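Encoded as structure tokens, the structure appears first; notes follow it.
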Amino acid sequence: AQSVTQPDIHITVSEGASLELRCNYSYGATPYLFWYVQSPGQGLQLLLKYFSGDTLVQGIKGFEAEFKRSQSSFNLRKPSVHWSDAAEYFCAVGYTGGGNKLTFGTGTQLKVEL
Amino acid sequence: DTAVSQTPKYLVTQMGNDKSIKCEQNLGHDTMYWYKQDSKKFLKIMFSYNNKELIINETVPNRFSPKSPDKAHLNLHINSLELGDSAVYFCASSPPSQYLNTEAFFGQGTRLTVV
């Protein structure tokens with residue numbers, strides 16, 4: 001069965017600093033990979049997704065992620081964090097024949113210091 | 001225009017009661033889901049419907065019964081509520097599967113508290 005690991009439960013960065021959130025997945029074939037963001041009391045908003053093709057994908061709000069098959073990783077990055085980026089970030093994986101089911105990681109809570 | 005809307009947003013109820021959460025999407029999607037987010041923020045799929053047909057039923061107590069009257073609606077009925085049912089329940093939908101897997105669009109969630 002597929003699984004997703006987000007090793008960092010909490011991350012604190014200063015506003016303007018760069019950010020990298022880690023995500024590792026376990027799945028035998030090529031997965032479909034997603035990053036979602038959840039602001040307090042809100043639903044989940046899709047930041048970006050990877051299905052195939054270019055392994056560096058651009059998303060909304062200045063985020064990008066890179067798929068590295070050799071490392072089974074799909075890390076999320078942003079060159080300069082804004083205070084409004086403080087939220088919970090979830091990595092998720094889907095797979096062929098999965099009925100569009102997404103398996104989520106446990107999330108990383110991002111705090112931004114002003 | 002809200003794409004995926006759930007009602008109510010908050011629900012506080014006593015143990016043993018029966019309650020329903022409603023979900024509607026106006027995106028024209030074929031597939032709808034219920035996910036449960038526990039107190040540790042862990043998200044897990046419960047059910048998935050495609051064109052009103054159940055296609056995913058994870059290991060969920062049979063006190064939980066989804067119902068899809070049409071492909072734009074997926075309601076969740078919960079019988080005999082227990083303390084452990086307290087969680088945030090998210091409805092979501094996905095567009096038609098020209099692709100083998102697509103992203104899910106989520107509602108705002110329903111925070112259920114059982115006392």
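Owing to the predicted nature of the structure, the values given are computational and were not obtained by experimental measurement. We name chains A, B, ... by the order of the sequence lines, and we start the count at 1 in each one.
Using a 4.5 Å cut-off between heavy atoms, A/Leu44 contacts chain B through both its backbone and its side chain. Only the side chain of A/Gln38 comes within contact range of chain B, with heavy atoms under 4.5 Å apart. Of the two parts of A/Glu88, only the side chain, counted from C-beta on, holds a non-hydrogen atom closer than 4.5 Å to a non-hydrogen atom of chain B. Using a 4.5 Å cut-off between heavy atoms, B/Lys9 touches chain A through its side chain atoms alone. If you measure heavy-atom distances from B/Gln37 to chain A, the contacts under 4.5 Å come from the side chain alone.
Contacts with chain A were tallied for B/Ala92, B/Ser94, B/Ala104; B/Ala104 has the most, counting heavy-atom pairs under 4.5 Å.
Within the model, atoms NZ of B/Lys41 and OG1 of A/Thr108 stand 11.5 Å from one another, a figure rounded to the nearest 0.5 Å. With rounding to the nearest 0.5 angstrom, the NZ atom of A/Lys101 is 13.0 Å from the CZ atom of B/Phe47. Note that NZ of B/Lys40 is 9.0 Å distant from CD1 of A/Ile9, once rounded to the nearest 0.5 Å.
Closest heavy-atom contact between B/Glu103 and A/Tyr36: CB-OH, 3.7 Å.
A donor-acceptor pair under 3.5 Å is formed between the side chain of B/Tyr35 and the backbone N or O of A/Leu102.
Under the 4.5 Å side-chain heavy-atom criterion for Ile, Leu, Val, Met, Phe, Trp and Tyr, B/Tyr89 and B/Phe106 are members of distinct hydrophobic clusters.
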